[in-house]
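Residues take their numbers from the sequence shown, with the count starting at 1. As the structure is a prediction and not an experimental result, all values here were calculated from the model.
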Amino acid sequence: MTEIEITGDSKAIVTNQPGIHEKLVEIVNKHVTHPSQKPIQAHTQQAFDEINAIVQAFSGEIILDSCCGVGQSTRLLAKQNPAALVIGVDKSAHRINRNVDEVEQDDGKGKVENYHLVRADLNDFYRLVVAANWPVAKHYILYPNPWPKAKHVQRRWHGSAVFPQIIAVGEEIILRSNWLLYLEEFQLAADVLSFKGDISTVNVTQPLTPFEAKFHASGQQCWQLHIIK
């Protein structure tokens, strides 16, 4: 079975997995029992050290925007939360350096400057954030790669070795996807670690990301999982 099909101008997810992965709970428990010991990559350590100095010197609310891509969501979140420090992280230097911004930077109230974009591997970055005890108020994970084939379940965030650290970051976690099953699996994985979350539909008025805009334009439903600790 193919991974995707075309719907309008966007790609709808097709999977060979009929429901929540049968080994998901086992996988999560394994990662809790045997934490990742993989060495931190040098470029991620350097990027973290630079942004950590800024975080430690900041006394307000921290918002983390994981998998930020071109950073549109990071800038929008910064604009919506002017008193917060918003940090967008993506592994792709190409995406971050594109610096695509369809959001007005100057709306008469001055430029949006309360954000930083960081190029880093989140598998390492999350562990560093937890070790440094960042006081993250909200943690956004918007439209991550779904890896819809059943054999790729451990490439999804909730099936990855770093999931215990992911779920530890943020007083609130906001996860969005156009694949409901992804959110249902993340919700179950969080429940294994005693965190409860609710799933709802997303009423798209101002899309946070280019993906959200494309999904909305092609008539796909977007979903949100909200975990409050």
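Looking at Trp157 and Asn123, their side chains come closer than 4.5 Å, going by heavy atoms from C-beta outward. Taking the side chain as every heavy atom from C-beta outward, Ile54 and Ile51 approach each other to under 4.5 Å. Contact check for Gln206 versus Leu76: side-chain heavy atoms found under the 4.5 Å cut-off. Residues Phe125 and Val118 are in side-chain contact: their nearest non-hydrogen atoms beyond the backbone lie under 4.5 Å apart. Two residues are said to be in side-chain contact when any heavy atoms from C-beta on lie closer than 4.5 Å; Arg156 and Trp179 meet this criterion. Side-chain contact check for Glu212 versus Thr209: some heavy-atom pair is nearer than 4.5 Å. Trp223 is listed as a side-chain neighbour of Ile199, based on a closest heavy-atom distance under 4.5 Å. Contact check for Tyr126 versus Asp121: no side-chain heavy atoms found under the 4.5 Å cut-off.
Under the 3.5 Å distance criterion, the side-chain polar atoms of Asn114 are left unmatched by any main-chain donor or acceptor of Leu85. Counting only distance, with no hydrogens or angles, the side chain of Asn81 and the backbone of Leu77 share a donor-acceptor pair below 3.5 Å. Not one N or O on the side chain of Asn178 forms a donor-acceptor pair closer than 3.5 Å with the backbone of Phe215. Asn29 places a side-chain N or O within donor-acceptor distance of the main-chain N or O of Val25, the cut-off being under 3.5 Å. Not a single donor-acceptor pair under 3.5 Å links the side chain of Asp191 to the backbone N or O of Lys196. No side-chain donor-acceptor contact under 3.5 Å links Asp65 to the backbone of Gly88. Between the Lys149 side chain and the Thr15 main chain, no donor and acceptor come within less than 3.5 Å of each other.
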* Trace of the side-chain contact (heavy atoms from CB on, under 4.5 Å) decision for Leu142 with Ser177 -> CA-CA 7 Å; Leu142 302 174; Ser177 177; over 6 Å; no
* Which is it for Glu50 and His116 under the side-chain contact (heavy atoms from CB on, under 4.5 Å) test, yes or no, and what are the steps along the way? -> CA-CA 11 Å; Glu50 291 173 1; His116 294 272; over 6 Å; no
* After noting the C-alpha distance and the side-chain angles of Ile166 and Ile141, does the key distance pass the side-chain contact (heavy atoms from CB on, under 4.5 Å) rule? -> CA-CA 10 Å; Ile166 292 173; Ile141 308 174; 3.9 Å; yes
* To do: Start with the C-alpha gap between Thr74 and Leu117, add the side-chain angles, then the distance that decides, and say whether side-chain contact (heavy atoms from CB on, under 4.5 Å) holds.
  => CA-CA 8 Å; Thr74 308; Leu117 299 179; 3.7 Å; yes
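Distance check: Ser73 OG to Tyr115 OH gives 11.0 Å after rounding to the nearest 0.5 Å. Note: Leu208 CG to Gln72 CD = 8.0 Å, rounded to the nearest 0.5 Å. A distance of 13.0 Å separates CZ of Arg75 from CD of Glu113, quoted to the nearest 0.5 Å. The line from CD1 of Ile174 to NE2 of His226 is 4.5 Å long, rounded to the nearest 0.5 Å. Interatomic distance, CD1 of Ile13 versus OH of Tyr182, reported as 10.0 Å (0.5 Å rounding). Taking CD1 of Ile228 as the reference point, atom CZ of Phe195 lies at 13.0 Å (rounded to 0.5 Å).
No hydrogens or angles considered: a donor-acceptor pair under 3.5 Å links the side chains of Gln17 and Glu185. Defined by atom type and a distance below 3.5 Å, a donor-acceptor pair is present between the side-chain atoms of Arg176 and Gln224. Side-chain contact of Ser66 with His139: a donor-acceptor pair under 3.5 Å is present, judged by distance alone.
Residues Ala189 and Val28 come closest through the heavy atom pair CB-CG2, 3.7 Å. Ile63 approaches Ala84 most closely through the heavy-atom pair CD1-CB, 3.9 Å. Across all non-hydrogen atoms, the minimal contact from Asp90 to Cys68 is OD2-N, 3.6 Å. Nearest heavy atoms, Gly197 versus Leu225: C-CD1, 3.8 Å. Heavy-atom minimum distance, Pro148 versus Val14: CB-O, 3.8 Å. In this structure, Ala132 and Asn52 approach most closely via the heavy-atom pair CB-OD1, 4.0 Å.
Following chains of ILVMFWY side-chain contacts shorter than 4.5 Å, one can reach Ile87 starting from Val169, so the two form part of one hydrophobic cluster. When the side chains of ILVMFWY residues are joined at heavy-atom separations under 4.5 Å, either directly or via intervening members, Ile20 and Ile227 end up in a single hydrophobic cluster. Hydrophobic clustering (ILVMFWY, side-chain heavy atoms < 4.5 Å, transitive): Leu181 and Leu188 are in one cluster. With hydrophobic clusters built from ILVMFWY side chains whose heavy atoms lie under 4.5 angstrom apart, Val55 shares a cluster with Val130.
Under the ring-ring contact (aromatic ring centres under 6.0 Å, His included) test applied with Trp147, the options His21, His158, His152 reduce to a single match, His152.
Remark: Lys229 NZ is packed, more than 12 non-hydrogen atoms of other residues, nucleotides or ligands lying under 6.0 Å away.
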